[in-house]
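These numbers come from a predicted model, not from an experiment. Lettering follows sequence order; numbering is per chain, from 1.
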Amino acid sequence: MYYYEIAVFGTYTYNTFTYSYEEKLAPGQRVLIEFRNQQKLGVIISETNKKDYEVKEIELVIDEKPLLNKNHIELAKKTSKKFLMPLSEVAKLLFPPTSSDRIKIKIIPKSTLSNINKPIFLNEYYKHFKTKREANKVLKEMVKNNIVELSVHIVKPKKENNKIIILKKDFIEILNERLSASAMKVVNYILEKDENVYEEELYEKKIISRSSTVLKTLVKKGIVDLIEESKINEEPFIVELTEAQKEVKEKLLKKGSSVDLLYGVTGSGKTEIFFEVMEEYLNKNKKIMIILPEISLTPQSVTRVKKRFPDKNIGVYHSNINSIKRIKTWYDAVNGNIDIIIGTRSAIWIPLKDIGMIIIDEEHDQSLYQFDQLSYDAVEVAYLRSEIEEVKLILSSATPTLREMKKAYEKEINLLELKERVFTEMPDIEIIDMKKAEKISWIFTKKVLEEINKILKNNEKVLIFSPTKGYANYLICTNCGNVLKCENCDVSYTYHRYENKLKCHYCGSEKKVPNACPVCGNPELQLRGYGTERVVNELLKYFPNQKIIRMDREIIKTHEDLERAFEEIKKEGSAIIVGTKMITKGLDIEDIKLVVILDSDRYLNFPEYTSQEHTASLLIQVAGRSGRKEKGKVIIQTFKSENNFFEFIKEHNYDQVVEYELNNRKKFNYPPHSDLLMIIFSNSKPEIALKEAEDFYKKLKKEKLEAEIMEPTEPLIPKLRGQYRYQIIIKGKINHEKIYEIIRKHNKKMYLYLNPHTTLL
DNA sequence: AGCACGCCGACT
DNA sequence: GTCGGCGTGCTC
């Protein structure tokens with residue numbers, strides 16, 4: 001007998017469990033086991049010795065050969081320690097998310113006593129019961145009495161049929177054919193699109209169903225041809241690099257430092273450099289992983305890579321892709337059939353064979369941090385991978401995080417800069433002081449409306465950025481623009497309407513709403529916060545017949561919505577685009593000549609230690625949308641024009657923001673000078689949530705940790721989806737080993753967030 | 001998350 | 001003496 005330590009998926013445990021098997025197995029193989037009377041999937045972490053307690057036997061080996069190697073197991077262990085995630089869950093992340101779907105359990109009747117008369121799948125069987133629990137009870141009884149038998153089916157991923165559809169006849173000829181309505185839909189779709197149309201695309205866009213015979217008929221009638229993608233021999237689309245780009249490329253290819261930070265302004269042509277560097281790696285038979293923020297991973301960005309590397313196998317991996325396709329891509333990546341994988345943060349876990357390089361574009365983007373029951377930072381995972389697997393890591397952004405900038409300044413990583421745009425100059429930035437300027441309404445100044453009018457008359461486009469409506473309201477003095485801050489935490493107070501109080505969500509301190517501004521004595525304090533909808537309404541008053549496109553989470557819910565909006569924006573002619581943070585990425589429209597940023601104070605005054613960094617990054621990214629081909633303009637409205645922060649922005653000087661902020665953070669020992677761990681306890685009963693938080697707080701206090709441990713407080717949102725919440729924040733030097741052990745032994749449900757970009761959730 | 005185990009109080 | 005309610009802790 002051999003003995004194995006197994007991480008059991010979906011059990012939320014930090015421990016592994018020992019199981020036996022008569023044959024020799026290897027770490028990384030998945031197995032089916034019985035765990036507390038349930039069939040569970042797990043992965044072998046290591047071989048171990050016989051135990052002095054009874055262990056169960058592995059029921060079934062799922063993977064004939066391990067699909068993970070020792071590096072991947074190491075990655076799981078290290079990430080588990082770093083982000084204090086249960087090993088059982090990290091191990092699961094390394095496999096495709098629906099991997100358990102591949103395993104189907106069939107119930108086979110063995111006796112006429114059974115009320116099941118033919119074999120059925122477990123999922124089907126569950127439907128006959130009110131609860132799964134009840135069903136399992138009956139099932140267990142039946143298995144015990146030998147009335148039924150369970151058998152396990154492993155569903156093999158289907159071979160994908162994704163051919164390109166080419167029209168062979170012209171429209172007039174086709175009209176002469178008698179075609180069904182759905183056949184016409186297909187033909188029209190192909191005619192309307194000026195790019196290749198894929199079979200899969202027709203299914204996904206619900207033009208025809210998967211079971212449809214329309215394509216077959218069209219082929220039979222000689223109207224279309226289906227051809228394999230690889231058969232198309234296109235010339236790679238290569239762009240000549242500028243001198244500055246070439247220089248950066250050479251540095252990236254130099255041996256030595258394995259992590260590079262490419263710090264280049266928007267429009268400086270970072271993508272072209274990546275392509276050149278990728279080429280070198282691909283020539284050495286190394287595979288490449290590209291991680292993009294959710295919103296940037298558009299079909300256009302994938303097409304761009306495909307056009308540059310027409311003869312390479314490219315895999316796309318993100319949550320919007322259906323599970324069958326994702327499983328197939330995952331297996332292809334593991335088996336070495338994919339050269340370049342492009343994906344969102346979850347793709348960082350793919351055990352890509354022969355991986356040679358990871359590129360993370362828009363490194364500052366918050367979607368790279370998973371803020372869920374499980375939380376991790378894809379950038380940190382990439383660091384671990386690069387270390388364990390000796391892979392080159394390139395991080396890139398126009399506004400890198402303070403964390404990466406600090407590392408670069410301290411020469412821990414290699415800093416490469418691109419300060420010039422390829423086609424044009426950086427836009428001029430004008431700051432308008434809302435205290436002095438002539439206002440038309442409390443949203444727009446006269447000056448801004450005049451500027452907008454000018455651009456529209458010129459048949460060009462204006463982009464207006466506005467924060468969303470929602471939480472984090474703050475009180476601002478209408479005279480001096482002062483916003484009240486907590487003295488202990490250097491974080492703005494948040495106004496709680498219900499109690500009519502100001503609260504600091506870090507230390508929990510409260511304050512009565514003052515009658516007047518404590519700085520200038522003005523009695524008028526205004527509650528601030530408006531959203532895109534209001535901005536659009538306001539704009540319609542001044543420009544009643546103007547095309548206005550609104551872009552925020554309320555309007556844009558899916559990738560398709562986003563694409564449609566982009567299509568609309570691309571159309572020629574004047575337009576006003578009003579949007580939230582969403583518009584900061586992927587919008588590469590040449591005739592956006594003016595960018596207006598409203599209520600920039602709103603972000604700057606977020607009750608958050610990261611608010612300056614995020615606002616700077618946001619403003620620079622939004623400003624970067626202006627005049628990508630021809631010099632444009634940016635106008636920022638603010639109540640705090642005297643804040644030197646705006647001076648830095650005006651000069652496009654992100655370095656100064658970084659320097660200033662790094663200094664600021666030092667005073668309060670915030671990251672990146674330290675680590676910050678947020679722990680959330682939630683329960684439907686507030687007293688239980690509080691008790692759990694207090695119990696754990698006491699345990700932490702006993703351990704004499706170096707870091708500062710804050711007492712349990714109510715988070716900014718004390719009740720979320722019916723659950724009451726309490727939080728503990730730990731700040732300072734975090735001893736991961738020690739805290740991991742405390743959590744492992746404590747064995748209670750809690751949510752842990754290491755250096756989250758927000759502590760507001 | 002679910003289940004066993006054990007402590008304690010109530011009731012035969 | 002026995003049953004069951006519930007809090008605690010373990011799951012291999």
Heavy atoms only, 4.0 Å cut-off, all strands: where does A:Tyr53 land among base, sugar-phosphate and nothing?
base
Classify the ring geometry between A:Phe95 and A:Phe9 as parallel (under 30°), tilted (30 to 60°) or perpendicular (over 60°).
tilted
Between A:Glu608 and A:His614, do the side chains contain a donor N or O and an acceptor N or O under 3.5 Å apart?
no
Quick one: A:Tyr14 OH to C:dC12 C1', roughly how many Å, whole number?
20 Å
Quickly work out the A:Asn747 CG to B:dA1 P distance and round it to whole Å.
13 Å
Mind calculating the distance between CG (A:Asn15) and P (C:dC10) to the nearest angstrom?
10 Å
C:dC12 P sits how many Å from A:Glu59 CD, rounded?
12 Å
A:Asn683 CG to B:dA1 C1', straight-line distance once rounded to whole Å
14 Å
Atom-to-atom span, NZ of A:Lys685 to P of C:dC6 - whole angstrom:
11 Å
Quickly work out the A:Lys748 NZ to B:dA1 P distance and round it to whole Å.
13 Å
Taking 4.0 Å as the cut-off, does a side-chain nitrogen or oxygen of A:Lys51 come that near to OP1 or OP2 on C:dC12?
no
Whole-Å gap separating P (C:dT11) and NE2 (A:His746)
18 Å
Is it true that A:Lys82 and A:Glu380 make a salt bridge, defined as a side-chain N closer than 4.0 Å to a carboxylate O?
yes
Taking everything shown except A:Lys733 itself, do over 12 heavy atoms lie less than 6.0 Å from its NZ?
no
